[in-house]
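For reference, the structure discussed in these notes is given below.
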Amino acid sequence: MRSDAVKRGLERAPHRSLFKAMGYTDEELDRPLVAVVNAASEIIPGHIHLDDIVEGVKAGIRAAGGTPVEFPSIGVCDGIAMGHEGMKYSLATRELIADSVESMVRAHGFDAVVLVPNCDKIVPGMLMAAARLDLPAIVVSGGPMLAGRYEGKDIDLSSMYEGVGAVAAGKMTEEELARMEDVACPGCGSCSGMFTANSMNCLVEALGIGLPGNGTIPAVSAARRRLAKRAGAKVMELLERGITPSMILTRAAFENALAVDMAMGCSTNTALHLPAIANELGIEIDLDMINDISAKTPHLCNLRPAGPYHIQDLDEAGGIPAVMKELAGKGLLHLDVLTVTGATLGQVLAGAPARKADSDVIRGADRPYHLDGGLAALKGSLAPDGAIVKKSAVRDEMLVHKGPARVFDSEEDANRAIMGGAIKPGDVVVIRYEGPKGGPGMREMLGPTSVIAGMGLDDSVALITDGRFSGATRGAAIGHVSPEAAEGGPIALIRDGDIISIDIPNKRLDLEVSDAELEVRRAAWRAPEPRVKKGYLARYARIVSSASRGAVVEGR
C-alpha cells in the first residue's frame with residue numbers, strides 16, 4: 001500500500017506518533033488510508049450539508065475495512081459571487097482545488113480517494129485531481145436542491161435573476177420579488193435546474209466515476225446518505241481490484257459524457273470542464289468534437305432554464321441511467337467502458353429501469369425535443385477559434401439573428417445600459433475583456449442575460465461575450481468567444497453599430513466588417529493594462545489558456 005510510506009517500519013515510528021496524537025489506533029493504521037475530500041462550507045447552499053454526506057462516506061469506508069481521513073477543500077458559490085469582482089475567482093479556483101487535492105494526497109501517502117463536492121468549479125477541480133493522481137477514486141456529490149414554490153409554480157435561482165429584470169421593466173413589484181426571495185431556494189443542495197453544478201454531477205455518472213444516482217438524488221433524501229455509504233464501501237473494492245481513474249476516464253467515456261450532455265442540454269460550462277479533465281489524461285476534446293456528437297445525439301430532456309422541469313423530476317423519471325438507456329438503444333454510447341461500480345456501462349444499464357413511458361421529462365429517442373444536441377460550437381470571422389451556445393435554451397426566433405452591436409468593455413457597463421433601458425429589440429450586446437486572461441477569470445454573465453430575459457427581450461436581443469455563462473442562463477447567449485479580446489481577437493475590434501450575424505443551425509458567428517477595415521482597426525489596437533496586477537489572479541492571467549482549450553493552466 002502507498003500508505004506504508006507513512007506508517008510502516010522502524011523509521012516511521014515518529015510518523016505513527018503523530019497519527020496517535022490525533023487518536024488513530026494501531027488497528028486503524030493497519031488498514032488502507034483513504035482520503036475523504038470534504039468541500040463543506042458555510043457559504044455554499046450546495047455544501048452546507050456535506051459534513052453529513054461525508055459521515056456516510058466514512059461509515060462506508062470503515063465497514064469495508066478502510067480508515068477514512070478527512071481534509072477540506074475550498075469552494076466559491078457562483079451565485080453569491082455573481083455580478084461583482086468575486087466572480088473573477090470562480091473558474092480560477094478550479095485549478096487551486098485540483099492542485100491542493102493533489103498536494104494533500106501525495107504528501108500524506110493515501111491509498112485511495114473519495115471526493116465530496118457539489119457545486120460549480122469544485123466538481124471539475126476534484127475530477128482533475130482524481131485524473132492526475134490516478135489512485136482508486138470515486139466521486140459522490142451532495143445532491144440537488146429541491147425546487148422552490150411561489151404562487152403554485154416551481155421556481156429556482158434563475159427565477160430570481162429574471163425577477164430583477166421584471167422589476168426593472170415594471171412587470172413585477174419589489175414586494176413580489178421579496179416574497180419570491182424567501183422561497184426560491186428552499187434548502188440545501190446544488191441549485192435545482194440543469195445549471196453547471198447539476199450538469200457536472202450528472203456527467204460524473206456518465207463518465208463512470210460516480211455511482212448511479214450521483215447527479216439526481218435530492219440532497220434532502222435519505223437515499224443520498226445511503227449513496228454516500230455505498231460510495232465509501234465501493235472505493236475499497238476499487239482499491240482491492242486496482243481500478244484507477246485512467247481505466248475509467250477513457251476517450252470513450254468522454255464521448256459518452258458528451259452524448260449525455262447533448263441529450264440533457266447541460267450548461268455551456270461543460271465545454272470548459274470536460275476538456276480540462278480530459279487534458280489531465282492526455283485526451284484532447286475540442287469544439288469540433290462537441291459539434292460532431294451533438295449532430296447525432298437527440299435532445300431528450302427539457303430542464304430548467306430551457307424548460308419547465310427540475311432535477312427532482314429527472315430523478316423521478318429514472319435519472320441518468322434512463323437517459324443513457326435511451327441513447328444506448330440508438331447505438332450512441334460505448335457500452336464496454338468500465339465504471340466505478342466495477343461493471344461495464346452495458347452491465348449497469350441492463351439492470352437499470354427504463355424511462356417512464358408517459359413522461360416528457362425524459363423523452364424517448366424516437367420523440368426528442370430536438371433532433372440534435374443541446375450545445376453548439378460556433379465559428380466564423382468573430383470567433384475564429386470558436387464560441388459556445390446552449391442552443392436548447394434559445395428561442396426559435398433567435399436561432400438566426402442579425403443586428404447592430406452594442407459594445408461594452410465590462411459586465412458592469414453592460415448591466416447599467418440594460419437596466420437603464422438603453423438596449424433595444426434587435427441589438428446584439430457585446431461584453432468583452434472578460435475572458436480567462438482579460439477578466440481575468442472569465443466571469444459568468446447570468447446577471448445581464450437574466451435581466452434581458454426578465455425584461456422580455458430574449459426574443460429579440462442577443463448577447464455575445466469572451467466571458468462565459470451560468471448554466472442558469474437562457475436566450476441567445478453566446479460565450480467563450482475565442483480568441484478573447486485581451487489577446488487581440490476580433491471581438492476586440494468591434495465598434496458600436498457593426499452588424500453581427502448569428503446562425504446557430506449552421507454554427508456561424510460573423511462580424512460583417514470588411515477584412516481591410518479590420519486590418520486598420522487591428523493596427524490601431526493596443527492590449528489594455530492588466531486589470532489585476534498582483535496576487536493569484538495576476539498569476540492565473542499570465543498562464544491560463546484560451547477558453548477554446550478549456551481555460552487550462554499551461555506549463556504543468
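The main-chain N or O of A547 is never found under 3.5 Å from a side-chain atom of R468 such that the two would form a donor-acceptor pair. When atom types are taken as modelled, the side chain of N118 and the backbone of G189 share no donor-acceptor pair closer than 3.5 angstrom. Side-chain atoms of H480 never come within 3.5 Å of backbone atoms of I388 as a donor-acceptor pair (strictly under, hydrogens ignored). Between the side chain of R406 and the main chain of V429, no donor-acceptor pair closer than 3.5 Å is present. Between the side chain of Y540 and the backbone N or O of Y89 there is no donor-acceptor pair closer than 3.5 Å. Here the side chain of D510 pairs a donor or acceptor atom with the backbone of S381 at under 3.5 angstrom. Distance alone, capped at 3.5 Å, is enough to place a donor-acceptor pair between the R521 side chain and the L493 backbone. Without hydrogens or angle criteria, D496 side chain to V407 main chain gives a donor-acceptor distance under 3.5 Å. T93 places a side-chain N or O within donor-acceptor distance of the main-chain N or O of S90, the cut-off being under 3.5 Å. Listed for the R251 side chain is a donor-acceptor partner under 3.5 Å among the backbone atoms of E284.
The side-chain contact (heavy atoms from CB on, under 4.5 Å) test with C185 singles out one residue from L146, I155, L157, and that residue is L157. When each of S190, S267, S141 is checked for a side chain to side chain donor-acceptor pair (under 3.5 Å) with N198, only S190 meets the rule.
Taking the side chain as every heavy atom from C-beta outward, V36 and V116 approach each other to under 4.5 Å. No side-chain heavy atom of S158 sits under 4.5 Å from any side-chain heavy atom of R474. Two residues are said to be in side-chain contact when any heavy atoms from C-beta on lie closer than 4.5 Å; R12 and K7 fail this criterion. With a 4.5 Å cut-off on side-chain heavy atoms, L238 and T244 do not count as touching. Contact annotation: the side chain of H108 never approaches that of V6 to less than 4.5 Å [non-hydrogen atoms, C-beta and beyond]. Annotation: side chain of M128 is not in contact with side chain of H273 (no heavy-atom distance under 4.5 Å). Contact of the I293 side chain with the M289 side chain is registered, since non-hydrogen atoms from C-beta on lie closer than 4.5 Å. Within the 4.5 Å cutoff, no side-chain heavy atoms of V544 are placed close to those of L91.
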**Request:** Evaluate side chain to side chain contact (heavy atoms under 4.5 Å, CB included) for L18 paired with H15, printing each intermediate quantity in order.
**Result:** CA-CA 5 Å; L18 292 170; H15 302 62; 5.6 Å; no
**Request:** Begin with the C-alpha distance, continue with both residues' side-chain angles, and end with the deciding distance and a verdict on salt bridge (charged side-chain N to carboxylate O under 4.0 Å, His left out) for D288 and K507.
**Result:** CA-CA 10 Å; D288 291 336; K507 314 295 190 293; over 6 Å; no
**Derivation and outcome, side chain to side chain contact (heavy atoms under 4.5 Å, CB included), residues I277 and M200** = CA-CA 11 Å; I277 298 161; M200 288 306 304; 4.0 Å; yes
**Request:** Take S192 and D156, measure what side chain to side chain donor-acceptor pair (under 3.5 Å) needs, and give me the verdict at the end.
**Result:** CA-CA 6 Å; S192 55; D156 51 50; 4.5 Å; no
**Message:** Please determine whether side chain to side chain contact (heavy atoms under 4.5 Å, CB included) holds for the pair L50 and I53, giving the CA-CA distance in whole Å, both sets of side-chain angles, and the decisive distance to 0.1 Å.
**Reply:** CA-CA 5 Å; L50 289 190; I53 302 299; 4.2 Å; yes
**Item:** Working for side chain to side chain contact (heavy atoms under 4.5 Å, CB included), residues I494 and I464
**Value:** CA-CA 11 Å; I494 303 173; I464 293 172; over 6 Å; no
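Sorted by first then second residue, the salt bridge (Lys or Arg N to Asp or Glu O under 4.0 Å) pairs that include residues 70-84, not counting sequence neighbours, are K58-E70, D78-K121.
Nearest heavy-atom pair, V167 versus E174, reported as atom, atom and distance to 0.1 Å: CG1-CG, 3.8 Å. For N214 against V139, the heavy-atom pair with the smallest separation is OD1-O, 3.6 Å. Nearest heavy-atom pair, S3 versus D111, reported as atom, atom and distance to 0.1 Å: OG-OD2, 2.6 Å. When all heavy atoms of P275 and T270 are compared, the pair lying nearest together is CD-O, 3.6 Å. The nearest pair of heavy atoms linking G265 to M194 is O-CG, 3.8 Å. The two residues P117 and M126 make their nearest non-hydrogen contact at CB-SD, 3.7 Å.
With rounding to the nearest 0.5 angstrom, the CG atom of L207 is 9.0 Å from the OG1 atom of T250. If you take OG on S470 and CE on M82, they are separated by 4.5 Å, rounding to the nearest 0.5 Å. To the nearest 0.5 Å, the span separating CG on L281 from CG on L249 amounts to 5.5 Å. Here the CZ-CZ distance, from R2 to R106, works out to 5.0 Å after rounding to the nearest 0.5 Å. Once rounded to the nearest 0.5 Å, the distance linking CZ of R304 with NE2 of H310 reads 5.5 Å. The SG atom of C188 sits 13.0 Å away from atom CD1 of I44, with the distance rounded to the nearest 0.5 Å.
A salt bridge is defined here as a Lys NZ or Arg NE, NH1 or NH2 lying under 4.0 Å from an Asp or Glu carboxylate O, and R224 with D52 fails to meet this definition.
When only modelled atom types and interatomic distance are considered, N269 and T196 share a side-chain donor-acceptor pair under 3.5 Å.
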List the atom pairs, donor and acceptor, that lie under 3.5 Å between side-chain atoms in residues 411-420 and the rest of the protein, sequence neighbours left out.
unit_1, atom_1, unit_2, atom_2, d
E412, OE1, R443, NH2, 2.9
E412, OE2, R443, NH1, 2.9
E412, OE2, R443, NH2, 3.3
D413, OD1, R416, NH2, 2.4
D413, OD2, S410, OG, 3.4

